[in-house]
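To start, the structure itself, in structure tokens.
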Amino acid sequence: MASFQQQPAERLVKPSAIAPALLDWYDRHARTLPWRVASSDLAKGIRPDPYRVWLSEIMLQQTTVAAVKGYFEKFVTTWPTVGDLAAATDDSVMAAWAGLGYYSRARNLLAAARQVNEAGGFPADAAGLKALPGVGDYTSAAIAAIAFDEPVAVVDGNVERVASRLAAIEVPVKTAKKQIQTVVSCITPAVRPGDFAQAMMDLGATICTPKRPACALCPINAYCVAFKEGPDPTTLPVKLPRKARPARLAGAYVAERSSDGAIMLVRRPASGLLGGMAGPYLTDFSSRHDGATGEDAAPFAGDWIDCGTAEHGFTHFQLTLEVMSARIDGEPALPDGAFWCPRDELIHAALPTVMKKAIAAAIPNAFHA
């Protein structure tokens with residue numbers, strides 16, 4: 001058994017053999033994804049478009065491939081180039097992003113597109129890419145490797161799992177970040193680093209899965225310390241018990257104008273949770289505190305009716321909205337950022353999922369065409 005006095009990279013079995021074996025597997029089994037260039041096309045000199053690589057990586061932050069595919073196709077159809085996206089209005093981009101979550105990504109996406117367009121193109125290395133809004137260590141490395149062939153270590157959740165098992169890293173993953181980075185750096189090749197990065201991601205997504213990994217089918221099992229010597233690969237990476245997500249409560253108020261059925265929407269401040277997005281009036285809440293509820297917390301006086309609740313899970317807390325509705329006669333003084341949205345335009349409005357849930361609780365057919 002490997003000595004655990006060794007550093008993780010030193011435990012690797014034939015590290016120089018890992019990349020060739022993995023790339024050979026990738027050439028035969030790579031997932032087909034709309035932002036990827038196939039290995040056969042790369043061999044013909046067709047290079048990945050940095051715009052498509054960057055866009056996909058931003059969308060994939062904390063979001064699954066399955067959820068991203070449709071949004072990606074919509075974006076590249078509407079805005080085929082970074083210049084097209086840079087020229088788009090904020091509202092149109094937020095509308096196209098609605099439902100994908102983590103809305104600060106959309107604001108950063110647009111800011112970065114304008115910065116790249118003004119500069120005449122994307123930076124060609126990880127250091128330059130990291131200076132763009134919304135681009136951190138992982139994203140900058142992924143774009144640099146895939147789009148520009150920079151041989152940098154690319155470490156996402158899938159890669160963390162693969163590397164932890166390859167080197168049998170038995171410390172909690174949160175404290176093993178540097179060790180994992182070193183392992184991935186050690187096995188990243190100078191040739192085809194982008195394909196290698198994507199191969200590691202695909203291996204983690206399809207073979208080296210969190211539960212029931214298909215170790216017998218793994219193309220690099222001969223070099224995996226956990227597979228050959230232990231511990232059981234399913235015990236890696238080591239994760240600390242999750243803290244229970246706090247439950248939060250707030251009020252949602254859906255106002256409908258009697259004269260034409262328009263719905264009052266309120267544009268939230270640009271920063272903070274759901275920043276820049278519109279929806280019914282919500283009382284102030286966060287992951288740390290509840291918002292007010294009941295008729296007394298309504299944005300203006302009216303015959304407010306209790307419509308039940310709407311539930312929504314955020315990353316760090318679970319939110320219950322107590323929903324109230326009212327039909328409004330006349331023109332009350334609206335809260336800051338509020339406007340009336342014609343009923344037939346509601347289905348096309350840039351509304352986050354939580355906002356749609358609140359409106360649907362008050363008006364069940366609100367989003368029916």
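The first residue in the sequence is number 1, and the count goes up from there.
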Please table the atom pairs, donor to acceptor, closer than 3.5 Å between any side-chain atom in residues 205-214 and protein atoms at least two apart or in another chain.
unit_1, atom_1, unit_2, atom_2, d
Thr206, OG1, Asp202, O, 2.7
Thr209, OG1, Lys211, O, 2.9

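- Side-chain contact check for Leu33 versus Lys69: some heavy-atom pair is nearer than 4.5 Å.
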**OP:** Could you check Met200 against Leu22 for side chain to side chain contact (heavy atoms under 4.5 Å, CB included), going step by step and ending with a plain yes or no?
**Re:** CA-CA 8 Å; Met200 289 282 280; Leu22 187 57; 3.5 Å; yes
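- In this structure, the side chains of Thr235 and Pro231 come closer than 4.5 Å at one or more pairs of heavy atoms.
- Summarising the local packing, NZ of Lys74 is surrounded by more than 12 heavy atoms from other residues, nucleotides or ligands at distances under 6.0 Å.
- Leu203 and Val173 end up in the same hydrophobic cluster when Ile, Leu, Val, Met, Phe, Trp and Tyr side chains are linked at under 4.5 Å.
- Atom OG of Ser258 and atom CD1 of Ile328 lie 7.0 Å apart (nearest 0.5 Å).
- At distances below 3.5 Å, at least one donor-acceptor pair connects side-chain atoms of Tyr103 with backbone N or O atoms of Gly99.
- You'll find the side chain of Arg192 stays beyond 4.5 Å of the side chain of Leu42, heavy atoms only.
- In this structure, the side chains of Ile187 and Leu12 come closer than 4.5 Å at one or more pairs of heavy atoms.
- In the hydrophobic cluster analysis, where Ile, Leu, Val, Met, Phe, Trp and Tyr join through side-chain heavy atoms closer than 4.5 angstrom, Ile169 is grouped together with Val225.
- In terms of heavy-atom proximity, Val152 sits nearest to Thr188 at O-CG2, 3.9 Å.
- Closest heavy-atom contact between Val191 and Leu23: O-CD1, 4.5 Å.
- Within 6.0 Å of CZ in Arg288 there are 12 or fewer heavy atoms belonging to other residues, nucleotides or ligands.
- Side-chain contact between Val266 and Phe339: absent, with no pair of heavy atoms (C-beta onward) separated by less than 4.5 Å.
- Within a 6.0 Å radius of CG in Asp296, no more than 12 heavy atoms belonging to other residues, nucleotides or ligands are found.
- Ring planes of Phe314 and Phe317: parallel class, angle under 30° (limits at 30 and 60°).
- To the nearest 0.5 Å, the span separating CZ on Phe227 from CG on Asn221 amounts to 4.5 Å.
- With respect to Asp49 and Arg52, no salt bridge is recorded, no charged nitrogen being found less than 4.0 Å from a carboxylate O.
- At a threshold of 4.5 Å between side-chain heavy atoms, the hydrophobic network of Ile, Leu, Val, Met, Phe, Trp and Tyr places Leu110 and Phe122 in one connected group.
- Smallest separation of non-hydrogen atoms from Arg114 and Ala86: NE-O, 3.1 Å.
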**OP:** Run the numbers on Gln318 and Glu311 for side chain to side chain contact (heavy atoms under 4.5 Å, CB included), then give the verdict.
**Re:** CA-CA 8 Å; Gln318 182 70 26; Glu311 304 281 340; 3.9 Å; yes
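- Atom CZ in Arg327 sits 9.0 Å away from atom OG in Ser259 (nearest 0.5 Å).
- Side chain of Arg248 to backbone of Ser287: a donor-acceptor contact under 3.5 angstrom is found.
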**OP:** Could you walk me through whether Thr320 and Thr293 pass the side chain to side chain contact (heavy atoms under 4.5 Å, CB included) test, one step at a time?
**Re:** CA-CA 11 Å; Thr320 298; Thr293 58; over 6 Å; no
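- Although no hydrogens or angles enter the test, the distance criterion places no donor-acceptor pair under 3.5 Å between the side chain of Ser92 and the main chain of Ala88.
- At least one side-chain heavy atom of Leu321 sits under 4.5 Å from a side-chain heavy atom of Val354.
- Side-chain contact between Met324 and Cys307 is absent, with no heavy atoms from C-beta onward closer than 4.5 Å.
- One side chain, Thr63 or Arg105, offers a donor N or O that lies under 3.5 Å from an acceptor on the other.
- Distance alone, capped at 3.5 Å, places no donor-acceptor pair between the Trp54 side chain and the Ile58 backbone.
- Hydrophobic clustering of Ile, Leu, Val, Met, Phe, Trp and Tyr side chains at less than 4.5 Å, counting indirect connections, unites Val159 with Val13.
- Hydrophobic cluster membership differs between Leu334 and Leu282, with clusters built from Ile, Leu, Val, Met, Phe, Trp and Tyr side chains linked at under 4.5 angstrom.
- Counting only distance, with no hydrogens or angles, the side chain of Tyr71 and the backbone of Ala98 share a donor-acceptor pair below 3.5 Å.
- Using cut-offs of 30° and 60° for the angle between ring planes, the Tyr253 and Tyr281 rings count as tilted.
- Across every non-hydrogen atom of Ala168 and Arg11, the tightest pair is O-NH1, 2.9 Å.
- With respect to the salt-bridge test (charged N to carboxylate O, under 4.0 angstrom), the residues Asp91 and Arg107 do not qualify.
- Considering every non-hydrogen atom in both Gly291 and Phe285, the closest pair reads N-CB, 3.8 Å.
- Panel note: side chain Thr283, backbone Ala292; a donor-acceptor pair is recorded below 3.5 Å.
- In this structure, a donor-acceptor pair under 3.5 Å is absent between the side chains of Tyr138 and Gln61.
- Side-chain contact between Trp35 and Ile146: absent, with no pair of heavy atoms (C-beta onward) separated by less than 4.5 Å.
- Side chain of Thr175 to main chain of Pro172: a donor-acceptor pair is present (N/O by atom type, distance under 3.5 Å, no hydrogens or angles).
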**OP:** Tell me, with the steps shown, if Arg47 and Asp41 meet salt bridge (charged side-chain N to carboxylate O under 4.0 Å, His left out).
**Re:** CA-CA 8 Å; Arg47 297 298 309 154; Asp41 289 330; over 6 Å; no
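- Counting only distance, with no hydrogens or angles, the side chain of Ser325 and the backbone of Ala362 share no donor-acceptor pair below 3.5 Å.
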**OP:** May I have the step-by-step check of side chain to side chain contact (heavy atoms under 4.5 Å, CB included) for Leu55 and Trp79, ending in yes or no?
**Re:** CA-CA 11 Å; Leu55 178 60; Trp79 303 291; over 6 Å; no
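- Counting non-hydrogen atoms of neighbouring residues, nucleotides and ligands closer than 6.0 angstrom, the NE2 atom of His29 exceeds 12 such neighbours.
- Under 4.0 Å is where a charged nitrogen must lie from a carboxylate oxygen, and between Lys130 and Asp137 at least one such pair does.
- Taking CD of Glu160 as the reference point, atom CG of Asp156 lies at 7.5 Å (rounded to 0.5 Å).
- The backbone N or O of Gln115 sits nowhere less than 3.5 Å from a side-chain atom of Glu118 that would complete a donor-acceptor pair.
- When only modelled atom types and interatomic distance are considered, Thr139 and Glu57 share no side-chain donor-acceptor pair under 3.5 Å.
- Closest non-hydrogen pair, Leu236 versus Arg161, comes out as O-CG, 4.2 Å.
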Original post:
Under the side-chain hydrogen bond (donor to acceptor under 3.5 Å, both in side chains) criterion, do Glu322 and Thr309 qualify, and how do the steps go?
Top reply: CA-CA 5 Å; Glu322 292 190 356; Thr309 62; over 6 Å; no
**OP:** Applying side-chain hydrogen bond (donor to acceptor under 3.5 Å, both in side chains), run through Ser185 and Thr182 and close with a yes or a no.
**Re:** CA-CA 5 Å; Ser185 295; Thr182 299; over 6 Å; no
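- The environment of Asp232 atom CG is dense: over 12 non-hydrogen atoms of other residues, nucleotides or ligands sit within 6.0 angstrom.
- A distance-only check finds no donor-acceptor pair linking the side chain of Arg268 to the backbone of Gly276 [under 3.5 Å].
- Interatomic distance, CZ of Phe367 versus NE2 of His348, reported as 11.5 Å (0.5 Å rounding).
- Look at Asp195 and Arg36 and you find no salt bridge, because none of the NZ, NE, NH1 or NH2 atoms lies under 4.0 Å from a carboxylate O.
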